[in-house]
Amino acid sequence: MASGKSISHKGKVLKVEDGVVSVEIISQSACSACHAAGLCSMSEAVSKVVEVPLLPGTDYAPGENVEVLLSPSMGMKAVTAAYVVPLAVLVLICVSLSYAGVNEIITGTAGLCGVAVWYLCLYFARGHFSKEYVFNIRKENNYNL
């Protein structure tokens, strides 16, 4: 995967065991780069740990700086599942119940329950998604995978 054709995040290897590399990624909001971020409570950094299958012939050590890569098509699938579908569920339920003349409180509650059901389904299908969304890693200074 070329760097220009993939989504990449810098990270640090936490551990390597059983053919899996655990990498910590620090996700930062856009305002964390602002010069006033220390004065404003809006900036945030969230630590995430991803597990990447170790390819044969590669070796990584804890503390090593790496880049975690994901293809753009996988990123779009994730955005669709996490944001687009729940929005469509919410709008569909709310518009349908509004046209049917249902009370607004019930309509809003039903819409939120529909979104909650969608996220619950995603949670139970996480095993399937973990096999479908496979990350790759490369050492930060090495531009060949």
Side-chain angles (χ1 to χ4, degrees), residues 1-56 58 60 62-140 143-145:
M1 272 184 199
S3 176
K5 296 182 181 176
S6 62
I7 300 166
S8 69
H9 293 282
K10 294 184 188 287
K12 185 174 281 195
V13 175
L14 294 178
K15 63 182 176 179
V16 181
E17 58 185 27
D18 299 329
V20 176
V21 180
S22 296
V23 180
E24 178 185 33
I25 299 172
I26 305 294
S27 295
Q28 297 180 337
S29 66
C31 43
S32 64
C34 174
H35 67 281
L39 302 172
C40 174
S41 63
M42 297 299 290
S43 65
E44 62 182 57
V46 178
S47 175
K48 298 176 184 174
V49 176
V50 295
E51 293 184 345
V52 183
L54 187 61
L55 297 174
T58 58
Y60 295 94
E64 191 171 10
N65 291 325
V66 294
E67 278 186 282
V68 179
L69 306 166
L70 182 68
S71 72
S73 63
M74 289 291 115
M76 288 305 296
K77 282 184 182 180
V79 167
T80 301
Y83 299 111
V84 176
V85 173
L87 177 63
V89 167
L90 178 67
V91 169
L92 182 68
I93 291 172
C94 288
V95 168
S96 299
L97 293 178
S98 291
Y99 278 129
V102 176
N103 184 343
E104 290 176 0
I105 293 176
I106 295 171
T107 298
T109 304
L112 292 176
C113 287
V115 171
V117 168
W118 171 254
Y119 283 121
L120 193 62
C121 291
L122 282 181
Y123 176 77
F124 287 126
R126 70 186 181 276
H128 168 74
F129 287 114
S130 68
K131 293 174 188 164
E132 189 174 329
Y133 293 91
V134 177
F135 292 95
N136 293 310
I137 59 173
R138 68 176 173 203
K139 295 183 182 188
E140 223 174 9
Y143 292 102
N144 296 324
L145 221 165

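Position 1 is the first residue of the sequence; numbering continues from there.
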> Could you tell me which non-hydrogen atom of Ser22 sits nearest to which non-hydrogen atom of Val49, and how far apart they are?
CB-CG1, 4.2 Å
> Specify the closest pair of heavy atoms between Ala81 and Pro86, including all atoms of both residues, with the distance to one decimal.
O-CD, 3.5 Å
> Starting at OG of Ser98, measure out to CD1 of Ile93 and round the result to the nearest 0.5 Å.
11.5 Å
> What's the spacing between Leu14 CG and Glu51 CD if we round to 0.5 Å?
10.0 Å
> Between atom NZ of Lys48 and atom CD of Glu24, what is the distance when rounded to the nearest 0.5 Å?
12.0 Å
> What residues, two or more places apart in sequence or in another chain, satisfy side chain to side chain contact (heavy atoms under 4.5 Å, CB included) together with Leu54?
Val16, Val21, Thr58, Tyr60
> Kindly say whether Ala82 contributes a backbone atom to a donor-acceptor pair with the side chain of Trp118 at under 3.5 angstrom?
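Not confirmed, Trp118 side chain does not pair with Ala82 backbone.
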> When you measure from the side chain of Tyr83 to the backbone of Ala78, do you find a donor-acceptor pair of N or O atoms at a distance under 3.5 Å?
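No.
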> Considering residues at least two apart in sequence or located in another chain, which fulfil the side chain to side chain contact (heavy atoms under 4.5 Å, CB included) criterion with Val68?
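In terms of side chain to side chain contact (heavy atoms under 4.5 Å, CB included), with neighbours along the sequence ignored, Val68 is linked to Val23, Ile25, Val50, Phe135, Ile137.
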> Taking side chain to side chain contact (heavy atoms under 4.5 Å, CB included) as the definition, give me every residue that meets it alongside Asn103, ordered by chain and number, with sequence neighbours left out.
Ile105, Ile106
> With rounding to the nearest 0.5 angstrom, report the NE2 to CG distance, His128 to Leu122.
10.5 Å
